[in-house]
Amino acid sequence: MKRTPVFAAPSIDPRPVAGDPLRRYTAADANTRWARLWASLWAPCFLMGFLTSSLLAGLAWGQNAPMPGPQSPGPQSPGPQSLGKKIDAIAKVEKTDCLGKQWKWAELAGNQGTVVVFLGTECPLAKQYTPRIEELRKRYLERGIGFVAIDPNIQDSLAEMAAHARRFELQTPFLKDPDQSLADLLGATRTPEVCLIDAQNTIRYQGRIDDQHGIGFSRETPTQNELADAIDSLIAGRPVSTSWTQASGCLIGRNRSKAESADDSQAITYAQHISHLLESRCVSCHRSGDIGPMDLSTYDDAAAWADMILEVTQNKTMPPWHATDEHAQFRNDRRLSQNELDLIEQWVSQGKRRGDTSLEAKPQTDRIAENTGWLLPKTPDIIIPMSDRPYSVPKTGVVNYQYFRADMNNDKDLWVQGMEIIPGAREVVHHVLVFVRDKGSKKRDLGGARSFLAGYVPGTRAEMMPVGYAKRIPANSELIFQVHYTPNGTAQKDLSKVGFILADPEQITHEVKTTSAVSLNFQIPPGASDHRVTASLPEKLPECELLAMSPHMHVRGKSFRYSLIYPDRKREILLDIPGYDFNWQTEYRLATPMKLPAGTRMFCEATFDNSDANLNNPDSKAWVRWGDQTYEEMMIGYFHYAEKRRQ
């Protein structure tokens, strides 16, 4: 099968023209409003963030507040008791770095002061800020400020630390704190967290690095640079104006408590209780090589992350689910029951005991490995890479949507009962849409606002369609891959692919189709905090069965609601998402297919927040219109339905 890029990424302005994704900009387009927008370009949103840079903010576990959407840092409380006091014991610190070299504090300390930054190899925020730490080290190298990175997590090995340092080109000494004595001495609780210590071994600043990235949000540039400001004040001999801020990120993976050895036959254990819960709710994402930033498929990993698991499940950050329970029921509802929440809390409080290993859940990773990485129940019958060679994703900058063409080489209709897209570089692939069209078609508009064949977005999990249900790929078709990349500070190579499990055409009773209610002509005013946009399906539906709904907006998206309008004008709300999260574009799959009479329409309502209160907002002063990039907006109510097959 010959697969070539639809276009080579040119060196100058490779942007798709609105409504014409396969034509590129020319000099004649230079004065259009799109070109003017380019001049004030905002980097694509921080995803999955984290989910796509590590990926997705929704996975960036942290702070003790519910997170239905972007959140501000919590209220400031008094800093650690050691702040402003001399820490004499630090002069005796000796630690080993990731390459096995022993370091003494005197070798690390700068003559003006020293920055100690606590990092973890799996925490999304720690990954995001590692390049920033290296930038600051270089900036203050000749000004007497030393930098040292410390990994206090029990779950991070020296090899993993070394790989992290290589990947992010970290020249700062990266030391292991295996007994967590340095973290305890300085009162550190999260990664990333920094301490600025002066030449007299007094803590002058402790907290976050700056306010650019946080839990569920990312700004184009920071508005507060607390660490750099504190360093400048220290060097200048001025008082540090802000000496403490709340650090966001992952709780440090601590050693297990002594209570673990207690003899209690009624204890909650990993083997009997928690392993089964994690396998059913978490491990499909939180496994090696998948979108979850940390692996939770083994006891050692789960125990190391137990405090973090407790925090994010209790505040309902995880598992991610944003719909209310007042309307339709969904089979992929990820929410934990109160009983499950209680089990986690008891397991952690009782010491994270393992229990009888023979009772542990069988890892689904075994099945996935047997299928060579596919979540589908078997290895696909047809696997189509997006191209003959990987696409090179740069370290930084904005990469506009890339399009690749792949020939299906099918001389007859294919019926697909299961499909899955596997990104080649999960940390930088924000989403993939696969369209089908006639081979050799010159059609410019792919119709992406109305329909697609298959999609990958953060949080989507592959499933088989019901028996007898399938999507049709017409004979003599080609696929177009639309791929959106979000660079994360390290160069990557991506070769995404799609896999299809075929069905026997004689067994197909229903054809599954994807369509949408979409609004293309909205304008969101500057500063608007609750701007409403509506859309209706332009055509009436045939008699059919509704299967699932997939809302899509960008970083200003605030809420989304689906309603049915029946032929008798009666309305019924199906799905209400009061706190839409761009980082988790969930497909809401109905518990049972919903029969709809012919003439039914889908009606969608969305609200957008273009105010400064939206921490993801790239520019609250801009008028915002439809556009591909995440500094623009979309309002699409995708849904999937099944129509009885005409023989």
Side-chain angles (χ1 to χ4, degrees), residues 18 33-34 36-53 56-58 60 67-72 211-223 320 322-323 398 400-401 430-431 448-449 457-459 484 486 516-535 549-562 575-586 604-638:
R33 67 182 180 88
W34 308 107
R36 291 194 297 271
L37 276 172
W38 184 257
S40 59
L41 188 64
W42 176 71
C45 119
F46 182 55
L47 200 22
M48 255 251 356
F50 289 40
L51 268 190
T52 57
S53 98
L56 295 311
M67 200 184 76
Q71 298 291 314
S72 303
D211 69 346
Q212 182 173 4
H213 307 300
I215 305 306
F217 73 90
S218 182
R219 295 182 172 96
E220 179 184 1
T221 58
T223 63
H322 304 96
V398 175
N400 290 278
Y401 284 32
H430 178 272
H431 80 251
V457 294
H484 183 189
T486 53
S516 70
V518 57
S519 176
L520 300 171
N521 299 315
F522 58 83
Q523 298 185 63
I524 306 172
S529 63
D530 199 38
H531 184 73
R532 183 172 180 263
V533 177
T534 64
M549 291 158 278
S550 300
H552 179 72
M553 299 186 286
H554 291 169
V555 295
R556 293 177 177 87
K558 182 177 181 179
S559 69
F560 208 100
R561 176 182 289 177
Y562 284 78
L575 173 62
D576 189 17
I577 305 169
Y580 176 85
D581 187 347
F582 178 63
N583 301 300
W584 287 100
Q585 299 177 47
T586 302
C604 293
E605 306 165 80
T607 61
F608 295 86
D609 185 354
N610 193 24
S611 72
D612 287 332
N614 177 1
L615 300 183
N616 274 321
N617 193 351
D619 186 0
S620 64
K621 296 179 176 59
W623 281 90
V624 183
R625 301 171 178 84
W626 174 277
D628 285 342
Q629 298 300 322
T630 46
Y631 59 84
E632 299 165 320
E633 269 303 337
M634 288 186 176
M635 190 282 191
I636 308 175
Y638 289 118

Whether the Gln523 and Arg625 side chains hold a donor-acceptor pair (N or O, under 3.5 Å, no angle test) is what I'd like checked.
yes

Ring-plane angle category for His430 and Phe582, please: parallel below 30°, perpendicular beyond 60°, tilted otherwise.
parallel

Could you check if a side-chain atom of Glu633 sits within less than 4.5 angstrom of a side-chain atom of Ile524, using non-hydrogen atoms only?
yes

Kindly indicate whether the side chain of Thr534, heavy atoms from C-beta on, has any atom under 4.5 Å from the side chain of Phe522.
no

Look up atom CD1 in Ile577 and atom OG1 in Thr586, then write down how far apart they are to the nearest 0.5 Å.
7.5 Å

Measure the spacing between CG of Leu615 and CD of Gln212 and express it to the nearest 0.5 Å.
12.5 Å

Would you please indicate if the ring centroids of His531 and Phe608 are separated by under 6.0 Å?
no

Is the shortest heavy-atom distance from the side chain of Tyr638 to the side chain of Pro551 under 4.5 Å?
no

How about Asp628 and Met634: do any of their side-chain heavy atoms sit closer than 4.5 Å?
yes

Which atom pairs, one a donor and one an acceptor, fall under 3.5 Å between side chains of residues 553-560 and the rest of the protein, sequence neighbours left out?
from, atom 1, to, atom 2, distance (Å)
His554, ND1, Gln629, O, 3.1
His554, ND1, Glu632, O, 3.2
His554, NE2, His552, NE2, 3.4
Arg556, NE, Asn610, OD1, 2.7
Arg556, NE, Asn617, OD1, 3.0
Arg556, NH1, Tyr631, O, 2.9
Arg556, NH2, Asn617, OD1, 3.1
Arg556, NH2, Asp619, O, 3.1
Lys558, NZ, Ser529, O, 3.0
Lys558, NZ, Asp530, OD1, 3.4
Ser559, OG, Thr607, OG1, 2.5

Sequence neighbours excluded, which residues qualify as side-chain hydrogen bond (donor to acceptor under 3.5 Å, both in side chains) partners of Ser611?
Asp609

Residues Met635 and Val533: closest non-hydrogen pair is CE-O, 3.5 Å

Can you see which heavy atom on Ser519 is nearest to which on Ala535, and at what distance?
N-CB, 3.8 Å

